[in-house]
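All values reported here derive from a predicted model rather than from experimental measurement.
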Amino acid sequence: MADPENLVAEIEALGARLIEAEQSISRRFIGQKKVIELVLSTLVCGGHGLLIGLPGLGKTRLIEALGTVMGLDEARVQFTPDLMPADILGSEVLETGSDGSRSFKFIEGPVFCQLLMADEINRASPRTQSALLQAMQEHSVTIAGQPHALPAPFHVLATQNPIEQEGTYPLPEAQLDRFLLQIDVDYPTRDFERDILIATTGTEDAQSHAVFTAEELIAAQRLVRRMPVGEAVVELILDLVRACRPGEPEASDEVNASVGWGPGPRAAQALMLTVRARALLDGRLAPSAEDVLAMARPVLTHRMALTFAARARGESLGAVIDSVAEQVTRVEAAA
């Protein structure tokens with residue numbers, strides 16, 4: 001059994017390095033502290049992230065800085081309607097040797113990296129989107145019946161435009177559930193936009209520096225799973241996730257009337273991991289109820305769907321999740 005004092009020291013050291021990583025990324029991606037914290041949480045938990053935001057908000061710049069800071073080998077794929085699975089995964093080609101013999105050779109695709117940026121992922125066909133499912137879940141791909149392991153660590157950060165839907169293919173629920181977090185990238189404030197103008201239109205552009213290596217990130221992912229989580233936080237996670245499922249005893253009338261389908265056990269797993277990462281980034285040794293509430297939207301939004309009637313009434317998933325979180329917290333406090 002690990003020495004508690006050593007565990008505390010390791011957690012404190014990792015928290016300090018994550019803060020340094022956040023500051024390094026902030027030099028390239030200005031004024032989006034919450035977004036940076038969420039992408040760092042995604043990586044330190046060993047998951048994948050879906051970034052939702054309009055063009056020009058710096059999503060590509062963020063991912064490039066993230067690759068530098070975390071010491072990861074990165075690749076970018078621009079998803080288009082004519083993109084084929086082999087363009088991402090790779091393919092086998094027939095080669096002729098000097099002696100005239102022929103054999104198949106596997107040529108790796110861009111998915112064989114440590115940090116894959118899937119740009120505008122919803123522009124590719126469902127067939128191509130599904131090519132990432134095995135890679136995201138099992139960290140390997142199967143080509144011509146042969147499995148090929150992906151590098152470790154392996155993370156996918158996909159981007160999606162929330163407005164322009166013409167010529168796009170909505171991501172299937174099975175793939176959405178593979179993303180640990182949905183990260184909404186909004187417009188910067190006026191002051192931060194002024195800082196962006198000054199920092200990016202001069203003769204020199206600020207650069208990020210490496211804080212982690214790939215091996216150190218893997219060690220950090222193991223350490224996060226060793227962080228203690230109090231029983232009250234575990235019960236709050238269970239109550240929150242189950243209360244978002246229509247038909248469950250914990251679900252309110254609002255959820256039963258407005259939610260078509262709710263989050264599965266993977267959502268609870270995601271909350272258990274990400275609340276630890278948030279506590280780390282805040283310099284704490286263990287997560288609290290506040291962390292659960294803060295991570296509720298990023299974890300649950302893409303794992304739920306409103307009914308047609310709820311959409312017609314103009315309801316939003318974010319408002320439903322906030323309402324459920326408030327009710328659950330009130331019940332927990334009363335107990």
Side-chain angles (χ1 to χ4, degrees), residues 17-79 110 113-123 132 136 153-164 171 179-202 204-214 217 220-221 274 277-278 280-281 294-295 297-299 301-302:
R17 294 190 71 186
L18 286 173
I19 292 172
E20 182 185 353
E22 178 188 339
Q23 293 170 346
S24 182
I25 295 171
S26 296
R27 299 182 62 191
R28 294 274 295 163
F29 188 67
I30 300 170
Q32 297 275 18
K33 178 179 174 65
K34 182 179 179 181
V35 173
I36 295 173
E37 288 180 346
L38 289 175
V39 294
L40 281 174
S41 296
T42 299
L43 262 63
V44 81
C45 292
H48 314 288
L50 179 63
L51 283 78
I52 308 291
L54 295 168
L57 294 181
K59 299 184 294 296
T60 302
R61 187 181 181 91
L62 166 63
I63 296 172
E64 289 174 350
L66 191 67
T68 299
V69 171
M70 307 307 286
L72 302 178
D73 172 33
E74 59 182 284
R76 175 183 176 182
V77 177
Q78 182 67 48
F79 279 61
C113 65
Q114 294 170 325
L115 180 62
L116 176 68
M117 178 179 181
D119 206 3
E120 294 189 291
I121 189 172
N122 58 330
R123 290 204 170 278
L132 280 177
M136 293 171 67
F154 174 72
H155 302 276
V156 174
L157 290 179
T159 69
Q160 187 171 311
N161 182 342
I163 302 297
E164 189 178 356
L171 296 178
F179 288 102
L180 185 75
L181 296 178
Q182 175 178 307
I183 304 167
D184 294 323
V185 185
D186 296 320
Y187 291 115
T189 63
R190 182 184 181 91
D191 289 341
F192 282 130
E193 192 161 2
R194 183 179 186 276
D195 293 340
I196 292 170
L197 285 175
I198 295 171
T200 60
T201 60
E204 295 184 3
D205 198 359
Q207 299 296 319
S208 299
H209 65 276
V211 177
F212 285 82
T213 64
L217 177 57
Q221 292 168 354
T274 56
R278 188 177 188 273
L280 269 174
L281 286 161
M295 300 306 297
R297 277 203 187 196
V299 167
T301 301
H302 59 296

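- By the 4.5 Å heavy-atom criterion applied to side chains, Arg297 and His302 are not counted as neighbours.
- With 3.5 Å as the limit, one finds a donor-acceptor pair spanning the side chains of Gln182 and Asp184.
- Leu72 CG to Leu43 CG: the interatomic distance, rounded to the nearest 0.5 Å, is 6.0 Å.
- Between the OG atom in Ser26 and the CD atom in Glu37 there is a gap of 9.0 Å [rounded to 0.5 Å].
- Taking CG of Leu51 as the start and NZ of Lys59 as the end, the distance is 7.5 Å to the nearest 0.5 Å.
- Residue Leu180 comes nearest to Ser41 through the heavy atom pair CD2-O, 4.4 Å, listed as atom of the first residue, atom of the second, then distance.
- The two residues Phe29 and Gly58 make their nearest non-hydrogen contact at CE1-O, 3.3 Å.
- Put simply, the side chain of Phe179 does not reach to within 4.5 Å of the side chain of Thr42, judged on heavy atoms.
- No side-chain heavy atom of Leu57 sits under 4.5 Å from any side-chain heavy atom of Gln32.
- Considering only heavy atoms from C-beta on, Ile36 stays 4.5 Å or farther from Gln23 through its side chain.
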Start with the C-alpha gap between Glu193 and Ile30, add the side-chain angles, then the distance that decides, and say whether side-chain contact (heavy atoms from CB on, under 4.5 Å) holds.
-> CA-CA 8 Å; Glu193 192 161 2; Ile30 300 170; over 6 Å; no

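- Contact check for Leu50 versus Thr159: no side-chain heavy atoms found under the 4.5 Å cut-off.
- The pair Lys33-Glu22 meets the salt-bridge criterion, since a charged nitrogen lies less than 4.0 angstrom from a carboxylate oxygen.
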Please assess Val156 against Leu115 for the test side-chain contact (heavy atoms from CB on, under 4.5 Å), listing each intermediate value before the final yes or no.
-> CA-CA 6 Å; Val156 174; Leu115 180 62; over 6 Å; no

Give the C-alpha distance, both sets of side-chain angles, the deciding distance and a yes or no for side-chain contact (heavy atoms from CB on, under 4.5 Å) between Arg28 and Val69.
-> CA-CA 11 Å; Arg28 294 274 295 163; Val69 171; over 6 Å; no

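- Residues Val77 and Ile121 are not in side-chain contact: their nearest non-hydrogen atoms beyond the backbone lie 4.5 Å or more apart.
- Between His48 and Met136, the shortest heavy-atom contact is NE2-O, 2.8 Å.
- Remark: side-chain polar atoms of Arg27 are paired, donor with acceptor, to backbone N or O of Gln207 under 3.5 angstrom.
- In this structure, the separation between NE2 on His155 and CG on Leu66 is 9.0 Å, given to the nearest 0.5 Å.
- Residues Glu64 and Thr68 have side chains not in contact (no heavy-atom distance under 4.5 Å, counting atoms from C-beta outward).
- Taking every heavy atom of both residues into account, Ser24 and Ser208 meet most closely at O-OG, 2.8 Å.
- Taking all atoms of both residues into account, the shortest heavy-atom contact from Leu217 to Met70 is CD1-CE, 3.7 Å.
- Heavy-atom minimum distance, Cys113 versus Phe154: O-CD1, 3.2 Å.
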For the pair Leu116 and Leu132, evaluate side-chain contact (heavy atoms from CB on, under 4.5 Å) and give the outcome as yes or no after the intermediate values.
-> CA-CA 11 Å; Leu116 176 68; Leu132 280 177; 3.9 Å; yes

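- Thr200 contributes a side-chain N or O that, together with a main-chain N or O of Ile196, makes up a donor-acceptor pair within less than 3.5 Å.
- Using modelled atom types, one finds no donor on one side chain facing an acceptor on the other under 3.5 Å when comparing Glu74 with Gln114.
- Here CG of Asn161 is found 7.5 Å from CG of Asn122. Values are rounded to the nearest 0.5 Å.
- When side chains are defined from C-beta on, Val185 does not count as touching Leu62, because their heavy atoms never get closer than 4.5 Å.
- Under a 3.5 Å cut-off, the side chain of Lys34 and the backbone N or O of Ile183 do not form any donor-acceptor pair.
- The salt bridge (charged side-chain N to carboxylate O under 4.0 Å, His left out) test applied to Arg17 returns Glu216, not counting sequence neighbours.
- From Phe79, atom CZ reaches atom CD of Gln160 across 11.5 Å, with rounding to the nearest 0.5 Å.
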